[in-house]
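What follows is a single structure, written as structure tokens, with notes after it.
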Number of protein chains: 2
Amino acid sequence: MPSKTINPEDWLAALDASGFRVTTVQQTLIDIFVHSEYPLSAEQAWDAARQSRPKTGRATVYRMVEKLENLGLIRRVHGYQGCSHFVPTLPELMMLFICLDCGRADYLDSQPLDDLIQHSEHTSGHHITDSRLQLFGACADCQHNA
Amino acid sequence: MPSKTINPEDWLAALDASGFRVTTVQQTLIDIFVHSEYPLSAEQAWDAARQSRPKTGRATVYRMVEKLENLGLIRRVHGYQGCSHFVPTLPELMMLFICLDCGRADYLDSQPLDDLIQHSEHTSGHHITDSRLQLFGACADCQHNA
DNA sequence: CGTTTTATTGATACTATGTATCATTTATAC
DNA sequence: GTATAAATGATACATAGTATCAATAAAACG
């Protein structure tokens, strides 16, 4: 995950700006998501959270994941084995690539997707307000190490 | 759903060709999926199946949905309220559009998506073997009736 | 055809994932 | 520092999906 372009401070600021209190659980979870190399499920995030904060409750983590998703800070990964994993959202619009070998997520430029959506809008007559694009395959590293 | 382009006979033939037995449950479920206007979850398909075949078991429906998905006869819809709904797969490659008002699915030409994937492969260095694209918005009908 | 073989089915129990409730705790405002 | 209200954690609950296994039904075979 390109954590260099995501700042935990900004996430706390976003929560604050939305009228939520800034708590230690939040900070713990934000750190977990921002620093993970892989998409995480709520359950995995809970496990991770209890390592540094053993009393963390399960429902709390599920609530926080929902909150972070609603604020657009994390995005759901629509994969093969379900759709319950999340990755941090980058400031810029981007498409997700998931490597089926190592499981890591990579972010690709979404300009081509924007063009595609505009094109589809014109040819279909539908008004497109949102999209989910997920790409799968073997990342550059895994191809070379195969 | 454009059922005119999907033939239940072909589905049964596909199951047969894969070495599976052709049963009444299968025929019931295939009819349900082919004729539904909306994406269906396994649970919804079970409800529908019991209307014409009351003793149909839940696990059977889940197994059959999995089988149909593995054979590529139905596709998972990756939507907002989860990813547990399915639509029939059209013979040609197509992208899915889901109307957020009426819930109906429409199939769009996927050539632009193929181009996008080729382009992303070249610029990223990843080998892309599969994709999931879901578009959301208001369909032509719902825009006019708003 | 009737019989044998074997995949499929249905009932049940179970696991996993996610949600509601509510007393307790903790962050913020005063 | 104290009051207040949101967030938390424990529990119970709800929903979605899976494993098991005896009973059933489709196909193969004589």
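Just so it is clear: chains get the letters A, B, ... in the order the sequence lines come, proteins before strands, and each one is counted from 1.
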#### Entry: Annotated protein contacts, base or backbone, on nucleotides 7-20 of chain D with a non-hydrogen cut-off under 4.0 Å, one of B, S, - each
SBBB-----SBBBB
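From one end of the helix from C/dC1-D/dG30 to C/dC30-D/dG1 to the other, with five pairs defining each end axis, the axis direction shifts by 40° (rounded to 10°).
Summarising the geometry, the separation between CG on A/Leu15 and P on D/dA6 is reported as 16 Å, rounded to the nearest angstrom.
On the nucleic acid side, DNA chain C contacts chain B at distances under 4.0 Å to non-hydrogen atoms, with the end points of that region at C/dT6 to C/dA11.
Just one of B/Arg50, B/Met64, B/Arg53 meets the side chain to side chain contact (heavy atoms under 4.5 Å, CB included) condition when paired with B/Thr28; it is B/Arg53.
The residues A/Arg76 and A/Glu69 are annotated as salt-bridged, a charged nitrogen and a carboxylate oxygen being separated by less than 4.0 angstrom.
Other residues sharing the hydrophobic cluster of B/Phe97, ordered by chain and number and joined by side-chain separations under 4.5 Å: A/Met95, A/Phe97, A/Leu108, A/Leu113, A/Leu116, A/Ile117, A/Ile128, A/Leu133, A/Leu135, B/Met95, B/Leu108, B/Leu113, B/Leu116, B/Ile117, B/Ile128, B/Leu133, B/Leu135.
Looking at A/Ile74 and A/Val87, their side chains never come closer than 4.5 Å, going by heavy atoms from C-beta outward.
At distances below 3.5 Å, not a single donor-acceptor pair connects side-chain atoms of B/Ser18 with backbone N or O atoms of B/Phe20. Using a distance-only test at 3.5 Å, with no hydrogens or angles considered, no donor-acceptor pair links the side chain of B/Ser131 to the main chain of A/Gln134. Judged purely by atom type and a 3.5 angstrom limit, A/Gln44 uses its side chain to pair as donor or acceptor with the backbone of A/Ser41.
Listed by chain and residue number, B/Arg132 satisfy the salt bridge (charged side-chain N to carboxylate O under 4.0 Å, His left out) test with B/Asp130 (two or more places apart in sequence, or in another chain).
A/Tyr62 and A/Trp46 are assigned to two separate hydrophobic clusters, defined by single-linkage of ILVMFWY side chains at heavy-atom distances under 4.5 Å.
Among pairs with a residue in residues 118-128 of chain A, none fulfils salt bridge (Lys or Arg N to Asp or Glu O under 4.0 Å), at least two apart in sequence or across chains.
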